[in-house]
Amino acid sequence: MQEKRDIFDRMMALPLLNIFEPFYKKNKEVLLYLFFGGLTFIVSIVTYAVFNVSMGINELIANVMSWVLAVLFAFATNRVWVFQAPTHTITEFLRQMLSFFGGRVVTLVIEEIILLIFITWLGFNSMVVKVIAQVIVIVLNYVISKFFVFSEKK
């Protein structure tokens with residue numbers, strides 16, 4: 001029986017890329033999290049810039065709006081490609097989704113506090129603070145996803 005290979009496994013088997021395949025296989029989860037975390041970072045930063053900088057929406061409200069879009073993107077990519085955590089029932093799916101969003105709410109609160117202190121109260125540049133806050137959030141989100149949301153229950 002042939003093992004199921006996703007698009008990233010097939011890409012690493014291509015000529016020129018296949019020299020990286022052993023490293024990829026050994027570190028697949030972290031590499032995919034960095035890739036999709038990077039894309040989620042871009043979704044978050046770009047949508048925040050549109051809401052806050054372009055449209056003039058308050059930084060805390062703009063952050064929540066960008067958070068919604070980024071978390072929807074992150075949930076789909078994390079469950080399918082990063083942690084490969086399919087569910088078999090609607091109950092399993094809802095439990096997984098609620099725990100994912102619950103973990104993200106925790107980091108949203110942390111991010112909102114960072115923005116409140118450094119942008120609203122201290123007047124630092126909105127985009128600089130948002131980028132720094134996102135780096136902190138990405139690390140925390142990986143830990144939450146790895147150990148609480150997509151962990152295999154023994």
Side-chain angles (χ1 to χ4, degrees), residues 1-14 17-52 59-119 126-154:
M1 183 158 135
Q2 186 178 6
E3 76 176 84
K4 183 179 175 237
R5 292 171 49 105
D6 63 33
I7 188 168
F8 300 100
D9 292 342
R10 291 192 304 266
M11 284 173 45
M12 294 314 291
L14 292 173
L17 290 179
N18 63 357
I19 60 172
F20 301 107
E21 193 170 17
F23 178 78
Y24 166 77
K25 283 184 177 181
K26 182 179 179 188
N27 301 289
K28 180 178 179 178
E29 183 180 282
V30 171
L31 291 171
L32 288 176
Y33 187 81
L34 288 172
F35 176 73
F36 286 110
L39 292 178
T40 302
F41 172 85
I42 292 168
V43 168
S44 181
I45 295 298
V46 168
T47 57
Y48 177 81
V50 168
F51 296 139
N52 179 250
E59 60 271 2
L60 300 177
I61 295 167
N63 190 55
V64 171
M65 293 167 64
S66 74
W67 176 86
V68 170
L69 298 173
V71 169
L72 289 170
F73 175 80
F75 177 67
T77 58
N78 277 238
R79 80 180 291 275
V80 173
W81 287 297
V82 178
F83 298 106
Q84 298 179 354
T87 53
H88 304 292
T89 67
I90 190 72
T91 304
E92 286 179 0
F93 175 79
L94 291 174
R95 186 175 298 126
Q96 186 182 73
M97 185 175 70
L98 287 173
S99 63
F100 185 86
F101 277 76
R104 292 307 198 267
V105 167
V106 169
T107 58
L108 171 65
V109 169
I110 293 167
E111 185 174 22
E112 287 283 284
I113 291 168
I114 292 169
L115 298 183
L116 177 68
I117 292 169
F118 290 98
I119 299 170
S126 176
M127 291 307 299
V128 171
V129 174
K130 173 65 175 175
V131 167
I132 292 168
Q134 273 296 288
V135 171
I136 295 166
V137 163
I138 287 170
V139 172
L140 293 173
N141 284 340
Y142 177 78
V143 171
I144 290 168
S145 292
K146 171 79 176 158
F147 297 106
F148 299 105
V149 178
F150 299 114
S151 65
E152 292 182 27
K153 307 290 185 239
K154 301 291 182 206

#### Entry: Lys/Arg-Asp/Glu bridge criterion (N-O < 4.0 Å) met for Lys25, Asp9
no
Above 12 or not: heavy atoms from other molecules or residues under 6.0 Å from [atom1] of [X]?
X: Phe51; atom1: CZ; value: yes
X: Ile7; atom1: CD1; value: no
X: Phe93; atom1: CZ; value: yes

### Task
With Val149 as reference, evaluate Phe100, Phe83, Phe75, Phe101 under the side chain to side chain contact (heavy atoms under 4.5 Å, CB included) test and give the passing residue.
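Of the listed residues Phe100, Phe83, Phe75, Phe101, the side chain to side chain contact (heavy atoms under 4.5 Å, CB included) partner of Val149 is Phe100.
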### Message
Tell me which one of Ile110, Leu116, Ile117 satisfies side chain to side chain contact (heavy atoms under 4.5 Å, CB included) with Ile114.
### Response
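It is Ile110, the one option of Ile110, Leu116, Ile117 that forms the side chain to side chain contact (heavy atoms under 4.5 Å, CB included) with Ile114.
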So do the side chains of [X] and [Y] get within less than 4.5 Å of each other, counting heavy atoms only?
X: Met12; Y: Asn18; value: no
X: Glu92; Y: Pro86; value: no
X: Val82; Y: Phe35; value: no
X: Ile45; Y: Lys130; value: yes
X: Phe8; Y: Leu31; value: no
X: Gln84; Y: Lys28; value: yes

### Task
Carefully, step by step, assess Val43 and Leu39 under the rule side-chain contact (heavy atoms from CB on, under 4.5 Å).
CA-CA 6 Å; Val43 168; Leu39 292 178; 5.6 Å; no
### Query
Strictly by modelled atom types, are Thr87 and Arg95 linked by a side-chain donor-acceptor pair under 3.5 Å?
no
### Task
Decide side-chain contact (heavy atoms from CB on, under 4.5 Å) for Tyr48 and Leu69; before the verdict, give the C-alpha distance in whole Å, the side-chain angles of both, and the deciding distance to 0.1 Å.
CA-CA 10 Å; Tyr48 177 81; Leu69 298 173; over 6 Å; no
#### Entry: Evaluation steps, side-chain contact (heavy atoms from CB on, under 4.5 Å), between Tyr24 and Leu17
CA-CA 10 Å; Tyr24 166 77; Leu17 290 179; over 6 Å; no
Enter the distance from [X]:[atom1] to [Y]:[atom2] here, rounded to the nearest 0.5 Å.
X: Glu59; Y: Glu112; atom1: CD; atom2: CD; answer: 9.0 Å
X: Tyr142; Y: Phe147; atom1: OH; atom2: CZ; answer: 6.5 Å
X: Leu60; Y: Leu115; atom1: CG; atom2: CG; answer: 6.0 Å
X: Phe73; Y: Thr47; atom1: CZ; atom2: OG1; answer: 11.5 Å
X: Gln96; Y: Asn78; atom1: CD; atom2: CG; answer: 9.5 Å
X: Gln134; Y: Asn63; atom1: CD; atom2: CG; answer: 7.5 Å

### Heavy-atom donor-acceptor pair, Ser44 side chain to Thr40 backbone, under 3.5 Å
no
### Query
Given Val131 and Phe41, is the side-chain contact (heavy atoms from CB on, under 4.5 Å) satisfied, shown in steps?
CA-CA 8 Å; Val131 167; Phe41 172 85; 3.9 Å; yes
